[in-house]
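All chains are named by letter (A, B, ...) in the order of the sequence lines, taking the proteins before the strands, and each is independently numbered beginning at 1. These numbers come from the heavy atoms of this one structure, side chains and all, not from hydrogens, waters or symmetry mates.
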2 protein chains.
Amino acid sequence: MRRSSEQTKATILAAARERFAVDGYERATIRSIAADAAIDPSMVMRYFGNKEKLFAAAAEFDLQLPRLAGLDRDDVGARLVEHFLDRWEGDEALMVLLRSAVTNAEAAHRMRAIFAEQLRPVTDEFLGERDDGGQRAALAASQILGLALARYVLRFDPVVAMSRAELVAWVGPTVQRYLAGRPEASV
Amino acid sequence: MRRSSEQTKATILAAARERFAVDGYERATIRSIAADAAIDPSMVMRYFGNKEKLFAAAAEFDLQLPRLAGLDRDDVGARLVEHFLDRWEGDEALMVLLRSAVTNAEAAHRMRAIFAEQLRPVTDEFLGERDDGGQRAALAASQILGLALARYVLRFDPVVAMSRAELVAWVGPTVQRYLAGRPEASV
DNA sequence: CGGCGAAGTCAACACTTGTTGGCAAACGCT
DNA sequence: AGCGTTTGCCAACAAGTGTTGACTTCGCCG
């Protein structure tokens, strides 16, 4: 079969995202990705240079975070949890990053960059000027990542079984407190 | 050099734990582990059979959770967070599991087993008979794992910089609420 | 039609992986 | 001392990795 350059490149990228999401950086091989895309491994090299660059292309993505300013201030935690559940289930981009960031330094760096460049600006705008903005955002991230880890990666039965509404009801207030509450106290 | 069987086996196991903790299952190689132990790779095979069994031996460990019954009921969350911080920083056992469980099915299974066999009995005893015991324990686990992920694996600056006391003050109440609070409400 | 550049295939490279079997040296025993 | 067992090393294997270069085939433009 004959395809256009753009077409194959997109096909390879889609196959790469899936493999990286399922296997992580080390276990995903150029050969398996090429096989999924029904193409020769050397094509992958031609289009992306090497495995690292392919990963960089596959891991590029946007959290698409909403601006929190317009929201009900008491509702920010729940909204964030909902948004992240959507992002986790919508496509594989976050899975690609998480699965790889645990063992691959480059992917971990990417994760930190996304935290700093995409999450923090949004929470900073919500929090205004305070010195603990970084801590608050990072704590929220820790809970959100932990939830994803338990639900989508480790597949702890109870978390897998919980409905979206239940998750929001439980975890929303946690994130809310990290962003807007006091350490020792309630929501 | 000549060593006793027990001695070399222990040396290998120590080297294996370190490598698995740093690299995860796939990137840690028998050869690198053997090199760290200053021994021939074939010795690793003789003592442990194959890589899987070596990992199983290296990933065997005990959470050493305290019984929660004797504690102040309002203090359980903070105590658990403290205990887990100790476990994460005390040795590499939890790191071995986390680094591998994200990409290795066997390690993930192991993680679920530890959750079911070591964490749940302790929380169940604390919670008594209720139908949401699994959910509560899993939510607590998600926050604790997420914290470890952010602090020890991804190394998010703000979380790395926070002191033990700060972490307990922030995360303790979260765990407390998961175990003893209501979904929508405060601690 | 003829030729040229793009798209795709094939085979091979150098290297690393887990794993195996044979062989040498050191020990504990009688 | 002589024996067998243990402890260790060496060399090699089959398979799989990222990566490269030469070769073929297609489609388009003059």
- Message: Ring of Phe126(A), cation from Arg73(A) - is the NZ or CZ under 6.0 Å from the centre and inside 45° of the axis?
- Response: yes
- Query: Rounded to the Å, how far apart are Lys9(B) NZ and dT7(D) C1'?
  - Reply: 14 Å
- Task: Please work out which of the three classes, parallel, tilted or perpendicular, describes the rings of Tyr25(A) and Phe20(A), given edges at 30° and 60°.
- Result: parallel
- Atom CD of Gln7(B) and atom C1' of dC27(C) are separated, to the nearest Å, by 14 Å
- For Gln64(B), does the CD atom sit with more than 12 other heavy atoms under 6.0 Å from it, leaving out its own atoms? yes
- Task: Whole angstrom is fine here: how far is it from CD1 in Ile39(A) over to P in dT9(C)?
- Result: 6 Å
- Would you mind telling me which residue lines up with the more 5' stretch of DNA chain D, Glu6(B) or Met45(A), judged by nearest nucleotide? Glu6(B)
- Rounded distance (Å) that lies between atom P of dT16(C) and atom CZ of Arg27(B): 15 Å
- Task: State which of dT19(C), dG8(D), dT19(D) makes the closest approach to the side chain of Met43(B).
- Result: dG8(D)
- Item | Value in whole Å for how far the P atom of dG18(C) lies from CG of Leu54(B) | 10 Å
Collect all protein-nucleotide pairs involving nucleotides 10-12 of chain D in which both atoms are nitrogen or oxygen and the distance is under 3.5 Å.
residue : atom : partner  : partner atom : Å
dC10(D) : N4   : Asp40(B) : OD2          : 3.3
dC10(D) : N4   : Ser42(B) : OG           : 3.0
dA12(D) : N6   : Arg31(B) : NH2          : 3.4

- Inter- and intrachain pairs under ring-ring contact (aromatic ring centres under 6.0 Å, His included), touching residues 134-167 of chain B, at least two apart: Phe115(A)-Phe156(B), Trp88(B)-Tyr152(B)
- Message: Less than 6.0 angstrom from the centroid, inside 45 degrees of the normal: does Lys53(B) satisfy that with respect to the ring of Tyr47(B)?
- Response: no
- Message: Can a donor-acceptor pair be found, under 3.5 Å and without considering hydrogens, that links the side chain of Ser100(A) to the backbone of Val96(A)?
- Response: yes
- dG8(C) phosphate, OP1 or OP2: any side-chain N/O from Thr8(A) under 4.0 angstrom? yes
- Message: So Ala34(A), base contact, sugar-phosphate only, or nothing? Heavy-atom distance under 4.0 Å.
- Response: nothing
- Under a 4.0 Å heavy-atom cut-off, which of residues 12-22 of chain A touch DNA chain C? none
- Give a yes or no on whether Gln135(A) atom CD has more than 12 heavy-atom contacts from other residues, nucleotides or ligands under 6.0 Å away. yes
- Task: Please report, rounded to the nearest Å, how far the C1' atom of dG16(D) is from the CD1 atom of Ile33(A).
- Result: 15 Å
- Task: Measure from CG on Asn50(B) to C1' on dT19(C) and round the result to the nearest Å.
- Result: 9 Å
- Residue from Leu13(B), Leu54(B), Thr8(B) passing side chain to side chain contact (heavy atoms under 4.5 Å, CB included) with Val44(B): Leu54(B)
- Side chain proximity check, Arg17(B) to Met95(B), heavy atoms < 4.5 angstrom: no
- Query: Rounded to whole angstrom units, what separation is found between the CZ atom of Arg46(B) and the P atom of dC9(D)?
  - Reply: 10 Å
